[in-house]
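Structure record follows, encoded as structure tokens.
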Amino acid sequence: QYCMKLLACIGSKCDASTLKFVVAQGKDVEGNVDGKMLEFAVDEGLLKKDGSNYAFVHDQIQQAAYSLIPEQERGCLHRHIGYLILKHIPENQVDDLFFTAVSQLNRGIQHSEKEDERLDLQKLNLKAGEKAMSMAAFTIAASYLKSGIDMFLDSHWEQHYDLSIQLYTLYAEAQYSICNFKEVGHVAGIIIQSAKSFQDKQRAYVTLVKALGAENKLEHAIELCFSALLQLDVHLPSPLPEKSVIINDLMNMQTTLQKMSYAEFLSLKVMSDPNKIAAMKFLHLLILYTYFSKQDYLPIVIIQSMQLTLQHGVCKESCVALASCSYFLCEFQEFEGSEHIGSLSIGILEKLKALEYLSQVYICTFGGIFGWIRKLGLNLEHLLVGYQMGMQTGDIQHAMFNASSYIKNSFFSGLNLREVERNIEKFGKEMTEYNQKAVYKSMLPVKQAVSDLIFSAQDTLLMAKNSLVQNALFQQVVEENSPVGASDIYIFCGIVAYIYNHYELAADLVRKRHELEKIMSRRSLWSGVTAFYDGLIFLAMAHNSSEFEWASKVSNVLSKVECFEQIGKSNNEHKLLLLEAEIKSRMGEKDNALKKYQLAIAAAEKNGFIHEQAIANERAAEFFLRNGDSSRAAHHYGEAQSLFLKWGAQRKVDDLLMSIAL
């Protein structure tokens, strides 16, 4: 009966070794006797054995066993079990039994009137919270930290200031990690109001900013960062300098970093000034938020972060600043500098063991420069690692950005659309579950593109142009003043429109995107993908028009793709060849065009871009049809149909069959 009472106190189930240990310590009996008692309870149908756990067969049996303990004695028994475990925890069971001990003591706290006992228990809850956070058990951590907070008396901020700061701050961080952003705001507000110094408020400010960012309240998050930086004596220029001045400063920073060898940079001193370290934390948050809102500040924030690093030493946040600088340089086709700086970011990440920032570094490097210089599909695994590490460290927002980038790059690299669709569904559920509104919205354009390619519809033009989902999405990004979101809509809608041969619609979407890019600090280049489809769209328009406008646009795109092919042949070889084939076809150079089409198809197949291999076959079929060779046209149409089907684009296959029949 004693054994059953103890199990009822501990919970509905308990590991056998823990239960035997508690019984043995409490009754001074041998472990093998405990085993007989427990097995007897199993034989009687009161308990069941589930692996190494003993569990009550039914909740009512647990309640009955617990009711055998007089109500006035229950708290004392919980305390007795807790202290018993703390006193005799075997070294090989510290992690398992420590949480059990603290939970038992929490249940008996109402029977402790001594202030020193209460304070000791609060410290134990803090320790349990810290341990649970280190294990990525954020919900468990939040429960222990909340228990510690609830034990405070009204005057705790005056009498136990340090413990109050520690418990409240870590509790806010735990609540952020489980995406309870409303509670984060409440707790952070208490800390900001009650803390004596800005230094004591810093972690709360950081957590609050991250919560606002996750809720897509980007302008509020940015304003808080600006305010915090002012208190740390770090001033961002206002008004902003001319764009040319900013870009010149960025290029000077690139030159400085390129002059430093890998070994030289990694030997820089470690930053020690606490205010500068705090400033780096706020700057690193601003890098993300100014990417989506107030984009003119993005290069300024990157430059400021790098200046602090070079002047005061490296810190964990330096790896994010370097990775962001690398990512931003791709915009200006400074690929050599971007690769060097990207490698520095990974070097600092590894040197300082900054695993909490791995998710951010990977999305900027493997979603940035390494996506340009390596085959696009080879980076997918690293983006998944970025997602997984973000989830483990509680950086849910960047974990989800890695997931979003993984999905978009899966689409661009020609991964089967059904698999892409499954991943969209999987990650979309997680984004919704974790309240990651900003990331979820960033994924919607590719989700709609996949849907438009997979599912059949009677009127493809109507689907691409007037989709209620896309209209609603576009309305959202307009209302939220999100140029990156609008740009992605134009990119994915433009690709889909081109694939369905709706060239005027595709050209209109490209025009709108180019107008938008005039007010953006950076463009969405996607490892050369946008330039490639721009070129195909311009060439399609040129085939149907004599306007000089299209010829000049094609020439501009071709020079870009030639550059991209030099630094990332596996991604861009077939793209360049197909553009050249279309140009030769338009110029009437039939033999050269034919050779280029064949080379483009072979290169796309070699590098695994099945969707663009399909497009190349369809363009080749049209070339033969224009030149009166219906037999070879039929062959390439058949190849295109087969490849689109393998890609998973069933609706495109239907559309192709219909157009061939006509």
Side-chain angles (χ1 to χ4, degrees), residues 179 210 213-216 218 285 287-293 295 298 320 323-324 327 330 357-368 370-371 376-377 379-415 417 419-453 469-470 473-474 476-477 480 482-493 495-496 522-527 529-530:
C179 302
K210 287 161 67 177
E215 290 186 289
N216 209 31
L218 300 182
L285 290 171
I287 286 171
L288 173 64
Y289 303 139
T290 54
Y291 175 87
F292 289 101
S293 181
Q295 285 198 322
L298 177 57
V320 178
S324 303
Y327 186 88
C330 292
Y357 292 135
L358 182 145
S359 184
Q360 298 172 54
V361 170
Y362 273 27
I363 195 172
C364 289
T365 52
F366 293 103
F370 298 130
L376 202 56
N379 296 294
L380 296 179
E381 184 177 347
H382 289 90
L383 292 170
L384 276 183
V385 171
Y387 156 77
Q388 291 160 356
M389 187 56 67
M391 296 300 288
Q392 289 174 25
T393 59
D395 188 2
I396 308 298
Q397 188 170 28
H398 284 98
M400 294 306 172
F401 273 117
N402 273 272
S404 178
S405 183
Y406 172 81
I407 288 167
K408 291 174 183 177
N409 279 289
S410 295
F411 179 86
F412 292 138
S413 60
L415 198 68
L417 291 175
E419 185 175 345
V420 177
E421 182 191 30
R422 286 191 293 271
N423 286 328
I424 289 172
E425 183 70 18
K426 171 194 169 185
F427 290 124
K429 284 182 179 178
E430 289 190 359
M431 290 170 188
T432 302
E433 177 185 347
Y434 286 99
N435 202 18
Q436 297 293 316
K437 298 176 182 177
V439 196
Y440 182 73
K441 287 179 182 177
S442 77
M443 190 182 68
L444 291 178
V446 66
K447 178 181 180 180
Q448 187 63 34
V450 170
S451 176
D452 283 349
L453 289 163
V469 175
Q470 286 189 357
L473 176 59
F474 186 75
Q476 283 182 335
V477 298
E480 294 167 4
S482 174
V484 175
S487 175
D488 277 356
I489 291 173
Y490 291 140
I491 289 170
F492 285 100
C493 287
I495 291 173
V496 170
R522 56 160 303 281
R523 295 166 292 169
S524 298
L525 300 178
W526 289 111
S527 305
V529 171
T530 52

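Everything quoted here is computed from the prediction, not taken from an experiment.
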Has [X] got a side-chain atom pairing as donor or acceptor with [Y]'s backbone, closer than 3.5 angstrom?
X      : Y      : result
Ser487 : Val484 : no
Gln397 : Gly213 : yes
Ser527 : Gly371 : yes
Ser293 : Thr290 : no
Lys447 : Tyr440 : no
Thr432 : Gly428 : yes

Mind checking the [atom1]-[atom2] spacing from [X] to [Y]? Nearest 0.5 Å is all I need.
X      : Y      : atom1 : atom2 : result
Ser324 : Gln360 : OG    : CD    : 8.0 Å
Gln448 : Leu453 : CD    : CG    : 10.0 Å
Met443 : Gln436 : CE    : CD    : 12.0 Å
Phe292 : Leu298 : CZ    : CG    : 10.5 Å
Met431 : Leu444 : CE    : CG    : 9.0 Å
Ile424 : Ser404 : CD1   : OG    : 9.0 Å

List, one per line, each side-chain donor-acceptor pair under 3.5 Å for residues 379-391, sequence neighbours excluded.
from, atom 1, to, atom 2, distance (Å)
Asn379, ND2, Phe370, O, 3.0
Tyr387, OH, Glu430, OE1, 2.5
Tyr387, OH, Glu430, OE2, 3.0

Kindly write out the residues that satisfy side chain to side chain contact (heavy atoms under 4.5 Å, CB included) with Ile363, not counting sequence neighbours, or none if the list is empty. Phe401, Asn402, Ser405
Test side chain to side chain contact (heavy atoms under 4.5 Å, CB included) applied to Phe412 and Val446, step by step: CA-CA 10 Å; Phe412 292 138; Val446 66; over 6 Å; no
Option passing ring-ring contact (aromatic ring centres under 6.0 Å, His included) with Phe411 (candidates Trp526, Tyr406, Phe492): Phe492
[Y] side chain reached by [X] side chain, heavy atoms, under 4.5 Å:
X      : Y      : value
Cys330 : Leu525 : no
Thr393 : Leu358 : no
Asn423 : Val420 : no

Stepwise side chain to side chain contact (heavy atoms under 4.5 Å, CB included) check, Ile407 with Val450: CA-CA 10 Å; Ile407 288 167; Val450 170; over 6 Å; no
Closest approach of [X] and [Y], non-hydrogen atoms and distance?
X      : Y      : answer
Asn409 : Leu376 : OD1-CD1, 3.4 Å
Tyr327 : Cys364 : CD1-O, 3.3 Å
Ile489 : Pro445 : CG1-CG, 3.8 Å

According to salt bridge (charged side-chain N to carboxylate O under 4.0 Å, His left out), who are the partners of Lys210, at least two apart in sequence or on a separate chain? none
Can you list the steps and then say if Arg422 with Lys426 is a side chain to side chain contact (heavy atoms under 4.5 Å, CB included)? CA-CA 6 Å; Arg422 286 191 293 271; Lys426 171 194 169 185; over 6 Å; no
For the OH atom on Tyr434, are there more than 12 heavy atoms of other groups (residues, nucleotides or ligands in this structure) within a distance under 6.0 Å? no
